[in-house]
Protein chains: 2
Amino acid sequence: MATGRTHRPATRSRGIPEATVARLPLYLRALTALSERSVPTVSSEELAAAAGVNSAKLRKDFSYLGSYGTRGVGYDVEYLVYQISRELGLTQDWPVVIVGIGNLGAALANYGGFASRGFRVAALIDADPAMAGKPVAGIPVQHTDELERIIEDNGVSIGVIATPAGAAQQVCDRLVAAGVTSILNFAPTVLTVPDGVDVRKVDLSIELQILAFHEQRKAGEESASAAAAAADGAVPAAAARRTPPAEQGPDGDVPAVMPA
Amino acid sequence: MATGRTHRPATRSRGIPEATVARLPLYLRALTALSERSVPTVSSEELAAAAGVNSAKLRKDFSYLGSYGTRGVGYDVEYLVYQISRELGLTQDWPVVIVGIGNLGAALANYGGFASRGFRVAALIDADPAMAGKPVAGIPVQHTDELERIIEDNGVSIGVIATPAGAAQQVCDRLVAAGVTSILNFAPTVLTVPDGVDVRKVDLSIELQILAFHEQRKAGEESASAAAAAADGAVPAAAARRTPPAEQGPDGDVPAVMPA
DNA sequence: GTATGTGAAGGATTTCACAGCG
DNA sequence: CGCTGTGAAATCCTTCACATAC
């Protein structure tokens with residue numbers, strides 16, 4: 001069943017590598033902070049430190065966008081903010097719907113990062129009739145029955161799924177059928193979508209499990225290098241040495257955003 | 001300041017590549033579902049479909065764990081569940097604390113994925129004195145003052161930060177000083193941590209921005225290939241063709257989990 | 001002099017394709 | 001004969017190191 005299809009390059013988008021795209025938001029955030037402090041220019045070194053990456057990577061990333069820096073000086077903060085925003089498509093306004101207004105959905109609705117730039121919560125949708133009309137984050141919750149109408153009326157192309165796992169695929173199908181082409185999935189399920197629809201997922205338990213793997217490895221090394229310290233129930237001693245920012249979690253993302 | 005340090009290989013953990021580690025939880029989830037349906041064995045093809053990856057990748061991933069399959073037959077579901085659980089360190093119990101019990105923190109506390117396997121919410125911590133004692137998800141919230149004591153008493157090595165961005169670094173510092181060596185950060189900030197501490201981050205606005213990038217690109221291609229359709233405010237028409245599972249969001253993670 | 005921009009080198013990850021075992 | 005396990009090829013990503021421009 002089509003596993004060994006010729007398979008398009010999938011990654012790389014009009015020249016900009018996926019790994020770079022995944023870091024642009026980080027740079028943008030650091031730049032926005034600088035902009036608010038009225039800092040006029042930054043060097044790759046400084047900006048890289050603020051974003052938690054190394055400077056060579058940052059320069060390479062920016063080189064895909066064009067030559068926006070000045071040699072011997074650095075980058076103009078405002079100009080870069082604009083260029084990255086434009087590249088990410090944040091100069092336009094993206095209406096998003098959140099489906100599933102439980103604790104998580106409510107948290108997402110209240111999250112300030114939406115309004116920050118480019119995104120607007122167009123509607124909150126929940127299957128529970130008792131929730132209908134109740135305002136969350138100042139927006140009245142609407143019933144799932146309205147889903148298709150809401151999508152179309154608002155021209156929504158990005159949907160956030162925060163439902164229980166069992167409902168996610170069904171919600172996803174309806175979103176896609178109504179015209180949504182990008183989905184952010186918080187439900188712990190693999191979603192099946194048509195060609196041309198992007199899915200990204202955020203999954204607490206996966207992240208925890210990855211941490212547990214490394215945590216276990218640390219414990220193992222401890223008793224290996226330090227010649228079997230206190231046996232099992234040992235409380236890991238806090239390390240002491242400080243170190244500069246350094247890379248972090250799911251940056252170095254190679255998401256394959258599945259243009260399937 | 002020390003960006004160009006010699007820098008250890010960073011990735012690859014005792015032979016298992018980071019990219020593989022990031023997928024093990026996906027396989028585990030798919031296998032658990034099969035186990036619950038009492039399916040005795042699966043082929044790499046079937047399991048790959050369920051996990052949303054391709055079968056060659058899955059086989060390669062499993063090859064790092066050892067030879068747990070049977071040629072001509074497939075993999076024993078129960079056995080694989082056990083092996084992956086063990087590899088991920090889920091056969092032991094990891095107490096975690098959640099700091100910042102707002103909407104998001106409450107959502108995380110209520111999330112069933114914790115109890116599922118290996119993780120246990122040892123404590124909920126919040127800076128608001130008014131929250132102290134109030135039960136969330138059946139667990140009483142404790143005040144930040146208690147943080148160090150809680151970490152030590154419970155031997156907590158994994159902390160979840162769900163505070164506002166402004167408080168995250170400070171909370172992080174205290175967690176680390178108290179002995180936490182793995183942090184899952186939901187606050188939109190880059191955390192600075194000492195050597196030996198792992199940080200992973202989950203960031204809604206970054207995910208949305210990545211989706212927006214691809215969404216914008218789709219719109220551009222539309223008017224490029226389909227010879228300039230309706231100009232700007234065009235509501236994207238829903239695609240039609242169905243396709244099999246296919247890769248998804250932040251799987252193909254290359255997280256660099258910063259053993260810094 | 002200083003910091004960007006970038007070929008080239010070096011790693012890591014994915015995919016191929018098939019040998020080899022049940 | 002079917003499906004796993006894996007060298008080898010192909011890709012993608014990161015890092016180096018320096019020419020280049022201000």
Side-chain angles (χ1 to χ4, degrees), chain A residues 2-13 15-23 27 41-49 52-76 79-80 83 246-247 250-258, chain B residues 3-13 15-24 27 41-49 52-76 79-80 83 246-247 250-258:
Chain A
T3 300
R5 179 69 64 204
T6 324
H7 215 38
R8 238 172 313 152
T11 7
R12 182 147 258 157
S13 307
I16 303 184
E18 264 305 308
T20 294
V21 172
R23 279 187 297 266
Y27 302 144
T41 59
V42 263
S43 67
S44 62
E45 203 72 52
E46 293 164 329
L47 185 53
V53 303
N54 79 22
S55 63
K57 201 187 289 188
L58 178 143
R59 286 201 302 279
K60 183 62 106 182
D61 284 342
F62 285 178
S63 79
Y64 293 115
L65 308 185
S67 291
Y68 295 148
T70 307
R71 293 173 197 232
V73 179
Y75 300 91
D76 182 278
Y79 188 56
L80 245 196
Q83 289 300 343
E247 315 268 330
D251 326 356
D253 220 352
V254 190
V257 176
M258 75 136 301
Chain B
T3 301
R5 180 70 64 207
T6 325
H7 215 39
R8 239 172 313 154
T11 6
R12 182 148 258 159
S13 309
I16 303 184
E18 263 304 308
T20 294
V21 172
R23 280 187 297 265
L24 292 181
Y27 301 145
T41 60
V42 264
S43 66
S44 62
E45 201 71 53
E46 294 165 328
L47 183 54
V53 303
N54 79 21
S55 63
K57 201 186 291 186
L58 178 143
R59 286 201 302 279
K60 185 61 108 181
D61 284 341
F62 285 178
S63 79
Y64 293 115
L65 308 185
S67 290
Y68 295 149
T70 308
R71 295 174 195 233
V73 179
Y75 300 91
D76 182 279
Y79 187 58
L80 246 195
Q83 290 299 343
E247 316 269 329
D251 322 357
D253 220 352
V254 190
V257 178
M258 75 138 299

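First the proteins, then the strands, lettered A, B, ... as listed; each starts at 1.
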- Is any side-chain N or O of S44(A) closer than 4.0 Å to OP1 or OP2 of dT4(C)? yes
Margin query: Before you tell me yes or no, could you show the steps for T70(A) and D76(A) under side-chain contact (heavy atoms from CB on, under 4.5 Å), namely the whole-Å CA-CA distance, both residues' side-chain angles and the distance that decides it to 0.1 Å?
Written below: CA-CA 8 Å; T70(A) 307; D76(A) 182 278; over 6 Å; no
request  = Give one of base, sugar-phosphate or nothing for F62(A), where a contact means two heavy atoms less than 4.0 Å apart.
outcome  = nothing
Heavy atoms of Y64(A) and G15(A) approach each other most closely as CD2-O, 3.9 Å
Q) With a 4.5 Å heavy-atom cut-off, do L80(A) and F62(A) have their side chains touching? A) yes
Between CG of L58(A) and C1' of dA3(C) the distance, given in whole Å, is 12 Å
The nucleotide from dC13(D), dT4(C), dT6(C) with an atom nearest the side chain of Y75(A) is dT4(C)
- Residue pair R23(A) / V53(A), side-chain heavy-atom distance below 4.5 Å: yes
For S55(B) and S44(B) the tightest heavy-atom approach is CB-O, 3.8 Å
Side chains of R59(A) and Y75(A), heavy atoms from C-beta outward: is any pair under 4.5 Å?
yes
CG of L58(A) to OH of Y27(A), rounded to nearest 0.5 Å, is 4.5 Å
When rounded to whole Å, the CZ to C1' distance for the pair R23(B) and dT13(C) reads 8 Å
*Using a cut-off of less than 4.0 Å, is there contact between a side-chain N or O of Y68(A) and OP1 or OP2 of dA3(C)?*
no
Separation of dT4(D) atom P from Y64(B) atom OH, nearest Å, is 17 Å
Closest to the side chain of N54(B), out of dT15(C), dT4(C), dT14(D), is dT15(C)
Rounded to whole Å, NZ of K60(B) lies from C1' of dT13(C) at a distance of 10 Å
Looking only at dT4(C), dT13(C), dT6(C), the nucleotide nearest the S43(A) side chain is dT4(C)
request  = Please determine if a side-chain N or O atom of K57(A) lies less than 4.0 Å away from the OP1 or OP2 oxygen of dT15(D).
outcome  = yes
Checking dT4(C), dT14(D), dT13(C) against the side chain of A19(B) (C-beta onward), the nearest is dT13(C)
Checking dT4(D), dT6(C), dG7(D) against the side chain of S63(A) (C-beta onward), the nearest is dT6(C)
Residues T41(B) and E46(B): closest non-hydrogen pair is O-OE1, 4.5 Å
Could you write out each protein N or O paired with an N or O of nucleotides 19-22 of chain D at a distance under 3.5 Å?
{"residue": "dT20(D)", "atom": "O2", "partner": "R71(A)", "partner atom": "NH1", "Å": "2.4"}
{"residue": "dA21(D)", "atom": "O4'", "partner": "R71(A)", "partner atom": "NE", "Å": "3.4"}

Per-helix bend value, the helix from dG1(C)-dC22(D) to dG22(C)-dC1(D), C1' rotation axes over five pairs per end, 10° rounding, shows 10°
Taking every heavy atom of N54(B) against every heavy atom of A48(B), the minimum-distance pair comes out as C-CB, 3.8 Å
Separation of dC12(D) atom C1' from I16(A) atom CD1, nearest Å, is 16 Å
